[in-house]
Amino acid sequence: MEQTRYGTEIMRIFRLSSGKQGVVRRGAGGAQERDVSSISAMGLAGAALCASGFLAGCASQDVKPVASSHAASSVYQASGNEPSWHLTLAQNTLTLQQPGSPELVRAVTHAHTDSGERIYEAQDLKAVMTPAACTDSMSNQRFMEKVRVTVQGHTLQGCGGDAEGPATLNDTRWVVTALNGKPIAAGSHAPTEADRTTDEPGHENTPPVVAPTLDVNATGKVSGSDGCNRYVGGLTFGPKGTVQAAKAGGISTMMACFGSGGTISRSFNDLKEAVTHWRVDGNTLVLETSDNRTIHLRQVF
């Protein structure tokens, strides 16, 4: 097992018996679920585990098969605080990390459900996933499940599974990563202050970078850069995915836009003006039009 730190993320690289490598990234905000394309089959559903012959006791009549809450091509992650811990479930294996303690890697020997909870047991390690809203005590991120880990007689509490999307977009800032499926290279870079536009007067009119940005203020109104010009207004993001278009539209600067910057600017504005709905998919904000065109954005701070 190899572990490398990149900024606020931890990349854990583990080698499978097949010789392939799987990569799991964990940010500072708590447990997240990440697809691992190099893992061909995870077998986390109880039926699949039993069929593979890895789990003891699967043939027992009183054991219910475990229903997986996530895609078979992903790694389940959970974490908690005070004390800090991080758990992964992948390839029929529980891996527990705690600062100052040796990493525990245990093969699951028994998996079943009880009163809606999914239970994974190993030699001296047990993980119980309960479908219930859970808020990480450090990041305030909400997750779909509560997770209880028992290790060597000690119980750890935390959250796991999919992160819940926010109820509103108020007071958030985003940068475009793709326009209707076409990636924007500059979207991988965090915008500088030159890319930010606000409703405050006196902001310097400095040229933006190519990737369009989207700022949502405390009332849901938008502003930002379209990749060439600055804009204010036009849309108001409401709760639970609602979008209201301003009858008068928005306002923007009127610089001439040429080359790739002009192409991106026009594409972004055409899509933005047609947006009817928003949703959060993992860490990605997706703005959708009535004819299923999309803008994908990532959050910046």
Side-chain angles (χ1 to χ4, degrees), residues 29 32-33 133 135 139-144 162-191 193 195-201 203 208-255 257 261-301:
Q32 299 179 27
E33 191 174 348
T135 301
S139 67
N140 289 324
Q141 174 67 60
R142 288 176 59 85
F143 293 88
M144 300 294 289
D162 293 325
E164 286 188 356
T168 74
L169 297 179
N170 294 1
D171 291 319
T172 58
R173 186 185 181 205
W174 307 81
V175 60
V176 173
T177 58
L179 293 171
N180 202 29
K182 183 176 181 180
I184 303 297
S188 62
H189 304 292
E193 189 62 23
D195 310 314
R196 183 179 178 87
T197 183
T198 70
D199 296 330
E200 299 175 4
H203 189 73
V209 294
V210 173
T213 62
L214 178 78
D215 289 0
V216 185
N217 69 14
T219 62
K221 294 181 180 179
V222 302
S223 58
S225 162
D226 65 10
C228 179
N229 284 287
R230 301 181 182 283
Y231 67 88
V232 175
L235 295 175
T236 300
F237 290 100
K240 300 181 179 179
T242 59
V243 178
Q244 182 178 358
K247 293 182 179 180
I251 59 174
S252 70
T253 57
M254 300 294 290
M255 292 189 297
C257 306
T263 301
I264 291 174
S265 173
R266 289 187 291 273
S267 178
F268 173 74
N269 285 319
D270 287 345
L271 288 168
K272 177 171 66 71
E273 291 170 4
V275 166
T276 59
H277 184 78
W278 65 267
R279 60 182 172 86
V280 174
D281 184 4
N283 295 322
T284 300
L285 171 62
V286 183
L287 307 183
E288 300 174 315
T289 67
S290 59
D291 56 355
N292 298 318
R293 293 177 295 154
T294 60
I295 303 175
H296 284 72
L297 308 94
R298 66 178 179 85
Q299 191 169 9
V300 292
F301 301 93

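Applying the side chain to side chain contact (heavy atoms under 4.5 Å, CB included) test to Thr242 and every residue at least two apart in sequence or in another chain returns Pro239. Legend: residues meeting side-chain hydrogen bond (donor to acceptor under 3.5 Å, both in side chains) with Thr219, ordered by chain and number and at least two apart, are Asn217.
Separating the CZ atom in Arg230 from the OG1 atom in Thr213 is a distance of 8.0 Å, to the nearest 0.5 Å. Taking CG of Leu285 as the reference point, atom CZ of Arg173 lies at 14.5 Å (rounded to 0.5 Å). Distance check, rounded to the nearest 0.5 Å: CE of Met254 to SG of Cys228 gives 10.5 Å. Separating the OG atom in Ser225 from the CD1 atom in Ile264 is a distance of 10.0 Å, to the nearest 0.5 Å. Here CG of Leu169 is found 6.0 Å from CH2 of Trp174. Values are rounded to the nearest 0.5 Å. Interatomic distance, NZ of Lys240 versus NE2 of His277, reported as 12.0 Å (0.5 Å rounding).
Counting only heavy atoms from C-beta outward, the side chains of Leu214 and Ile295 never approach each other to under 4.5 Å. When side chains are defined from C-beta on, Lys182 does not count as touching Asn180, because their heavy atoms never get closer than 4.5 Å. Two residues are said to be in side-chain contact when any heavy atoms from C-beta on lie closer than 4.5 Å; Leu235 and Lys272 meet this criterion.
Closest approach of Thr172 and Gln299 over heavy atoms only: CG2-NE2, 3.7 Å. The shortest heavy-atom contact between Cys257 and Asn229 is SG-ND2, 3.2 Å.
The aromatic rings of Tyr231 and Phe268 are tilted relative to each other, their planes meeting at an angle between 30° and 60°.
Judged as a side chain to side chain donor-acceptor pair (under 3.5 Å), the pairs with a partner in residues 288-297 (not counting sequence neighbours) are, in order, Arg279-Glu288, Thr289-Asp291, Asp291-Arg293.
No donor-acceptor pair under 3.5 Å is formed between the side chain of Asp281 and the backbone N or O of Thr284.
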Task: Thr177 and Ile184: CA distance, side-chain angles, deciding distance, side chain to side chain contact (heavy atoms under 4.5 Å, CB included) verdict - done: CA-CA 5 Å; Thr177 58; Ile184 303 297; 5.8 Å; no
Open item on the list: One pair to check against side chain to side chain contact (heavy atoms under 4.5 Å, CB included): Trp278 and Leu297. What are the steps and the verdict?
Closed with: CA-CA 11 Å; Trp278 65 267; Leu297 308 94; over 6 Å; no
